[in-house]
Amino acid sequence: MYRIILSADDLARIRVAGTVGASIEAIFAMATVRKNSAEYFRAWRQQIRQLTDQERSPLRRLKPSLLRTSQILGIWTNGGTLASLGQHIPAPLRAEVTDAVRDFCRIAVEPHWHSIRSQLEEDQDALRNMMSSHGIEALLNSLGPRIRWNAPVLEIDSEESGELCPSGGGLLLSPSLFLQDPAELLLKSGSATSGPTLILPSHPDLRFVRPLQLGSGTALAAPPAEEPLVALVGRTRAAALHALHESCSSGELADRLGISAAAVSQHTTILRGAGLIATRRARNRAEHTLTSLGRHLLRGEGERAVPTPRLERDAVRLAAQ
């Protein structure tokens, strides 16, 4: 069992993120391929097994002793889990696992990333609505049958055991589509002063969502709304909005887009002026986050989110800059 001891400051700093990223989703997906549960993944699992049933496939390259999700996650995060603290992993083995995760992510997760992220954003909205409508205690009591809130301790059923005190850093909650365990805990959620990340399983309702399936190709699929968005705000700013599905600093955004810091400053100024992103500054760090309008625009809901005259006015101004 994991025990997270939350102080009053921690409770005040609970946040919700949409996803921890495609690579960590790929680690959970590796375990999902080997399980026969979850109807949602059946078609996807069958096709991924065919792709990975080759001698050089990422799954076959991993040593059987390292196929436990917690071990792979510990290697990928460089010891960033309670289960991996104090473990010594030889460098060649660490490199082998890292390469396998990257390859599997490319094959099994990236082709679906748009639909995966859309599902996780719905989970994110549900968690935020629970917190804003009913409070922190109700949110913590709603995280799953194997997660219990006994103030001030959040208890999580797990084969591993450990105790963690965020010490005022708070707690970041993030859903995962492929995670099949009650939860997974990462020690850090970002900056040196941030608290841990508690990853929670998503449970898609097959009455309302189509089961995950692999298309004919394995290249990263472009979001359906990408071309209209490019026409509206420009290719680089559209890429910036997609990159800001998860908040990041100016330096991190520059790395994601492959552009200079000066270019990032120019584009974020324009997007902020259009009300699509918000920027919070702390010391020498600028943290950029999508606004509600920015999220609606990415989902193709721009016309419902704002009056048509404003949308047209913003389109003309953004295209001219």
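Not measured: the values here are computed from a predicted model.
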Q.
Run the side-chain contact (heavy atoms from CB on, under 4.5 Å) test on I259 and V264 for me, step by step, so that the C-alpha distance in whole Å, both residues' side-chain angles and the decisive distance to 0.1 Å come before the verdict.
A. CA-CA 7 Å; I259 61 178; V264 164; 3.7 Å; yes
Q. Can any side-chain N or O of N129 pair as donor or acceptor with the backbone N or O of A126 at less than 3.5 Å?
A. no
Q: Start with the C-alpha gap between E110 and F104, add the side-chain angles, then the distance that decides, and say whether side-chain contact (heavy atoms from CB on, under 4.5 Å) holds.
A: CA-CA 9 Å; E110 287 182 354; F104 189 79; over 6 Å; no
**Q.** H267 side chain near L257 side chain, heavy-atom distance below 4.5 Å
**A.** no
**Q.** Any donor-acceptor pair under 3.5 Å from T291 side chain to G275 backbone
**A.** yes
Q) Looking only at heavy atoms, what is the nearest atom pair of G169 and D10, with distance? A) N-OD1, 3.1 Å
Q) Is the backbone of E287 close enough, under 3.5 Å, to the side chain of S249 for a donor and an acceptor to pair up by distance? A) no
Q.
Looking at T32, is its backbone amide N or carbonyl O close enough to the side chain of R45 to form a donor-acceptor pair, meaning the two atoms are under 3.5 Å apart?
A. yes
(Q) With heavy-atom distances below 4.5 Å as the criterion, would you say the side chains of L276 and L290 are in contact? (A) no
Q) Is any side-chain heavy atom of R102 less than 4.5 Å from a side-chain heavy atom of D99? A) yes
Q: Flag the pair L139 / W149 as yes when at least one side-chain heavy-atom distance between them is below 4.5 Å, and no otherwise.
A: no
Q) To the nearest 0.5 Å, what is the distance between CG (L198) and OG (S174)? A) 9.5 Å
Q: For the pair F178 and W44, name the ring-plane relationship: parallel under 30°, tilted 30 to 60°, perpendicular over 60°.
A: tilted
Q. Hey, mind stepping through Q119 and Q124 against side-chain contact (heavy atoms from CB on, under 4.5 Å) and telling me if it holds?
A. CA-CA 9 Å; Q119 172 64 40; Q124 178 187 32; over 6 Å; no
Q: Check the surroundings of atom CD in E155: do more than 12 heavy atoms from other residues, nucleotides or ligands lie under 6.0 Å from it?
A: yes
**Q.** Closest heavy-atom pair and its distance - V16, R128
**A.** O-NH2, 3.1 Å
Q) Within the distance-only criterion (no hydrogens, no angle test), does the side chain of S133 pair as donor or acceptor with the backbone N or O of M130 below 3.5 angstrom? A) no
Q. Heavy-atom distance under 4.5 Å between the side chains of V153 and I4, does that happen here?
A. no
Q | Heavy-atom closest pair, residues E25 and P175 | A | OE2-O, 4.0 Å
Q: Report yes if the side chains of I27 and T69 come closer than 4.5 Å at any heavy-atom pair, otherwise no.
A: yes
(Q) Is it the case that the side chain of D9 and the backbone of G168 share a donor-acceptor pair, with hydrogens and angles ignored and the cut-off at 3.5 Å? (A) no
Q.
Could you measure the distance from the OG1 atom of T279 to the NE2 atom of H288? Nearest 0.5 Å is fine.
A. 4.5 Å
Q. At their closest point, which heavy atom of G18 faces which heavy atom of L120, and how far apart are they?
A. O-CB, 3.2 Å
Q. Got L186 and T77 here, is their nearest side-chain heavy-atom distance under 4.5 Å?
A. yes
Q) Quick one: does R237's side chain get under 4.5 Å of I270's, heavy atoms only? A) yes
Q: Mind checking the CG-CE spacing from L140 to M131? Nearest 0.5 Å is all I need.
A: 9.5 Å
Q. Which value, rounded to the nearest 0.5 Å, describes the distance between D157 atom CG and I147 atom CD1?
A. 8.5 Å
**Q.** Test log, rule side-chain contact (heavy atoms from CB on, under 4.5 Å), inputs L241 and I277
**A.** CA-CA 8 Å; L241 290 174; I277 68 170; 3.9 Å; yes
Q.
Just verifying a value: how many Å separate L154 CG and L143 CG, rounded to the nearest 0.5 Å?
A. 6.5 Å
Q | Closest non-hydrogen atom pair between I5 and P166, with its separation | A | O-CD, 3.1 Å
(Q) For the backbone of C165 and the side chain of S167, can you confirm whether one donor and one acceptor N or O come within less than 3.5 Å of each other? (A) yes
Q. If every non-hydrogen atom of A286 is compared with every non-hydrogen atom of R281, which pair is closest and at what distance?
A. CB-NH1, 3.4 Å
Q) To the nearest 0.5 Å, what is the distance between CD (E122) and CG (D125)? A) 7.5 Å
